[in-house]
2 protein chains.
Amino acid sequence: MEALADYFKVFSEPNRLAVLDALRQGPLNVTAVVEHTGLSQALVSKHLKLLTIAGVVKRRPEGSLVFYEVIDRAVFKLLAQAEKQLLAARRQQLDALAAIL
Amino acid sequence: MEALADYFKVFSEPNRLAVLDALRQGPLNVTAVVEHTGLSQALVSKHLKLLTIAGVVKRRPEGSLVFYEVIDRAVFKLLAQAEKQLLAARRQQLDALAAIL
DNA sequence: TGATAGAATCACGCTGTCGTGATGTCGTTG
DNA sequence: CAACGACATCACGACAGCGTGATTCTATCA
């Protein structure tokens, strides 16, 4: 339960989701992620480290570059399902509001 | 993306997950949730309010009591899938460790 | 209406995490 | 070996969210 909360925490940061989204189409090195997201290099490194520790992403040094890659693409399924739930929740809130007005 | 991160944030708290878990078997009033979770009344109220604002839970006053109920039980599917992903990530980490040793 | 129980809210201290600028480390290339 | 680029880490200020104890609000019932 504690662990599950921590796992959700991994995806509870907009910038981290942006980093993850940059890796959607395949492996990228750090600089490429920086360019894709517009975030600072230090911040991207930090988020990538977190994602690595969480076991979501895999680190692969290649020469002087370091590539990162999503280990299990099923995480995107999780993101999609969460987004679906989010939309359903939003819709329900509007319905509840309409029922009052 | 920002909204999605906020949605994940809802489930990134152990106590909030505990509250949600108490509501798994059906509607409960606040005191019942307090007893199920062992949390303080103020804290339970706070979490229930958050869950309500997030559109995950529905508030229904009944006499002097206030019952809370999960709106869309599909959230439990989301929790289950997240837990599955979590386990997969943990397994992968062990494999990576074994590959080194 | 006064008393009581259930629920919500307030004020506050505290901790964790985020983002940044600077610095450190590592590998390549001249 | 010196210099440079890529990446990681550090130290720090800022801020948001958690949990608590006390208080307030609301509905029921004597």
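Residue numbers start from 1 in every chain, and the chains themselves are labelled A, B, ... in the order their sequence lines are given, proteins ahead of strands.
Of the candidates dG19(D), dC7(D), dA7(C), dA7(C) carries the atom nearest the Asn29(B) side chain, counting heavy atoms from C-beta on. Distances were taken from every side-chain heavy atom of Asn15(B) (C-beta onward) to each of dA6(D), dG19(D), dA8(C); the shortest belongs to dG19(D). Taking only side-chain atoms of Ala42(A), from C-beta outward, the nucleotide of dG19(C), dT9(D), dA7(C) with the closest atom is dT9(D). Which of dG19(C), dA22(D), dC18(D) sits closest to the side chain of Leu50(B) comes down to dC18(D).
Glu13(B) has its CD atom 11 Å from the P atom of dG17(D), to the nearest Å. The CG-C1' distance, from Leu28(A) to dA6(D), rounds to 15 Å in whole Å. As a whole-Å value, the separation of Glu35(A) CD from dG5(D) C1' is 13 Å. The distance from atom CG of Leu65(B) to atom P of dC29(D) is 10 Å, rounded to the nearest whole Å. Rounded to a whole Å, the CZ atom of Arg60(B) is 19 Å from the C1' atom of dA8(C). Atom P of nucleotide dT23(D) and atom NZ of Lys46(B) are separated by 17 Å, given to the nearest angstrom. Here the P atom of nucleotide dT9(C) and the CG atom of Leu43(B) are 14 Å apart, to the nearest Å. Straight-line distance from the CG atom of Leu48(B) to the P atom of dG6(C): 16 Å, rounded to whole Å.
Gln93(A) places a side-chain N or O within 3.5 Å of a backbone atom of Ile53(B) that can act as its donor or acceptor partner. Looking at Arg16(B), its side chain does come within 3.5 Å of a backbone N or O of Val10(B) through a donor-acceptor pair. A donor-acceptor distance shorter than 3.5 angstrom exists from the side chain of Arg73(B) to the backbone of Arg24(B), with no hydrogens or angles considered.
Within 4.0 Å (heavy atoms only), Phe67(B) reaches no atom of the nucleic acid at all. Here Gln41(B) lies in heavy-atom contact (under 4.0 Å) with a base. As judged by a 4.0 angstrom heavy-atom cut-off over every strand, Lys49(B) is placed among residues touching the sugar-phosphate backbone only.
Of the residues near DNA chain C, Arg59(B) and Ser64(A), the one whose nearest nucleotide (by heavy atom distance) lies more toward the 5' end is Arg59(B). Across the interface with DNA chain C, nearest-nucleotide mapping of Ser40(A) and Asp6(A) shows Asp6(A) to be the residue nearer the 5′ end. A residue-by-residue look at Lys9(B) and Gly63(B) shows that Lys9(B) has its nearest nucleotide of DNA chain D further toward the 5' end.
OP1 or OP2 of dG17(D) has not a single side-chain nitrogen or oxygen of His47(B) nearer than 4.0 Å. Contact between the side-chain N/O atoms of Tyr68(A) and the OP1/OP2 oxygens of dA8(D) is found at a separation under 4.0 Å. Residue Arg16(A) places at least one side-chain N or O closer than 4.0 Å to OP1 or OP2 of dC18(C).
There is no path of hydrophobic side-chain contacts, each under 4.5 Å, that joins Leu50(A) to Leu79(A). No single ILVMFWY cluster, assembled from side-chain heavy atoms under 4.5 Å apart, contains both Leu87(B) and Val57(A).
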